[in-house]
Amino acid sequence: MAATELISALLLFLLICSSDISSGEKTRRPQPCKRLVLYFHDILYNGKNAQNATSAIVASPAWGDKTTLAAPNRFGDVVVFDDPITLDNNFRSAPVGRAQGFYLYDKKEVLTAWFGFSFVFNSTRLKGAINFAGADDIMKNTRDLSVVGGTGDFFMTRGLATLTTDAFEDDRYFRLRVDVKLYECF
Amino acid sequence: MAATELISALLLFLLICSSDISSGEKTRRPQPCKRLVLYFHDILYNGKNAQNATSAIVASPAWGDKTTLAAPNRFGDVVVFDDPITLDNNFRSAPVGRAQGFYLYDKKEVLTAWFGFSFVFNSTRLKGAINFAGADDIMKNTRDLSVVGGTGDFFMTRGLATLTTDAFEDDRYFRLRVDVKLYECF
Amino acid sequence: MAATELISALLLFLLICSSDISSGEKTRRPQPCKRLVLYFHDILYNGKNAQNATSAIVASPAWGDKTTLAAPNRFGDVVVFDDPITLDNNFRSAPVGRAQGFYLYDKKEVLTAWFGFSFVFNSTRLKGAINFAGADDIMKNTRDLSVVGGTGDFFMTRGLATLTTDAFEDDRYFRLRVDVKLYECF
């Protein structure tokens, strides 16, 4: 092969290489670098279930109280939670961590919520935390929150969490399926 | 052109290319990859305006209540909101989405706030959400919040939101101009 | 040197260059690009210390109130704060900024908290804000929150904040040492 042919091959390689650089961010989009599907279970305090409750209303609008969800559509209720995380949808399965933080209901016309919370892991398999924030348009089949950071095994991660309501029983229990797709891993 | 000259040109290109790599993060700073200017409108519940109110005090310090902003400087009041987002500063314009989440007032000496909320879009033009968090030093002409993530059209985005108080009427209404500058787009 | 030898050297350089690209994200992990160690001081309002208090309970569960931390383990209490930040652990040192936002206690069995807040700087040395979110497993010696964004001198930054309880006095005062390690700087 002549030197000029080699140089042509190099130039082609450089072009590919440089276009990779310029579109560097985009290449992280299609495939998550890590993915976890987990469930968490929320039992709201109603004044009588202190033993079982994993969450409690701590703030409510002027027309609300702390043992009944406000009407209409729970608008203004703020709930603090410490919910078990399980690998399958069975509430009795051994938890792999806790979902801890808060959610608040933020629309009068329909059920919507806003979440700020963490998945806190402390098992042999998983250490550290994943931190979430975002809007939950509850009436949609699936909706996405942001993964805004992580610690330990999830150092500096970012991504999306797709929520599905896997079950709910009147006002007292819900179970969310969380499909965590991480697009930045370190 | 001789082969050696071509090689020199290649080496120069490589140096530029590699310096681009090492300063890769910085090159994203100066120019946003996406920019939106939007307005949102907040009408606080005062005990009498349930029809029009888009927000409500849901928590307050020991000395406060849920229909009057606390003194001094509203310190400790937490407000949940579902505010219309418009493309111009007219409250009656057709909303393109909702600003949903909470703010809290966090200083006794002067008005400052902390926001955790989302712009939730659901129009033909825009789908998805932008998630915000950060401190709002209200008395400054402009102040910046962080865009900590996004979904849908705003998948995994990051950036800044520059707030300006576009209008306010006593304690009951304010309008914020939000200049969203996204520096990471996918 | 012959043209072919130069080309071989170039190819080797290209390989190194391209492997740098593919592992680009990982190279940011080991060394922070910026690091700050700061302290912040929290004095909780107890109904009698309005002059000195820097924080106040603004929400609590049904069994709590706003001048006493709830039992057990303060679960459900939400606190808004405006705490001075100092460079050393002396409460009387000149503050370099304010830690502003909220924390909430989120476990019945043990003390744990969730934080959403900002370090707001406004000195000749530091301008702008660092925004934090995450779980605080208080009983551990050290625990990590996420730095989810920043403004001003901390434009678009991300990283970790390692918290240590540097001091606490019954229910009324605590001092946190915050080791801020930023891994994305612009």
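Letters A, B, ... mirror the listed sequences (proteins, then strands); counts begin at 1.
Checking C:Arg143, C:Lys140, C:Arg175 one by one against C:Thr165, the side chain to side chain donor-acceptor pair (under 3.5 Å) holds for a single residue, C:Arg143.
Side-chain atoms of C:Leu160 and A:Phe155, non-hydrogen and from C-beta on, do get closer than 4.5 Å to each other. With contacts defined as side-chain heavy-atom distances shorter than 4.5 Å, the pair A:Lys66/A:Val58 does not qualify. Contact annotation: the side chain of A:Phe121 never approaches that of A:Lys127 to less than 4.5 Å [non-hydrogen atoms, C-beta and beyond]. With a 4.5 Å cut-off on side-chain heavy atoms, C:Leu38 and C:Thr86 do not count as touching.
In this structure, the portions of A:Asp82 lying under 4.5 Å from any heavy atom of chain C include both its backbone and its side chain. When heavy atoms are compared at a cutoff of 4.5 Å, A:Ala133 does not approach chain C at all. Of the atoms belonging to A:Asn122, it is side-chain heavy atoms, and not backbone ones, that fall under 4.5 Å from chain C. Proximity to chain C (any heavy atom under 4.5 Å) is shown, for A:Ala56, by both the backbone and the side chain. Contact annotation for A:Val120: only side-chain heavy atoms (C-beta onward) come within less than 4.5 Å of a heavy atom of chain C.
Proximity of the aromatic rings of A:Tyr45 and A:Phe81 is defined here by a centroid distance below 6.0 angstrom, and this criterion is not met. Aromatic rings of C:Phe154 and C:Phe119 (six-membered ring for Trp) have centroids beyond the 6.0 Å cut-off, not under it.
Using a 4.5 Å heavy-atom cut-off against chain C, the contacting residues of residues 92-109 of chain A are A:Arg98, A:Gln100, A:Gly101, A:Phe102.
Contact tally against chain A (heavy-atom pairs below 4.5 Å) for C:Ser146, C:Ser60, C:Ala135: the top residue is C:Ser60.
Across all non-hydrogen atoms, the minimal contact from A:Gly64 to A:Ala70 is CA-CB, 4.4 Å. Closest heavy-atom contact between A:Val147 and A:Ala161: CG2-N, 4.3 Å.
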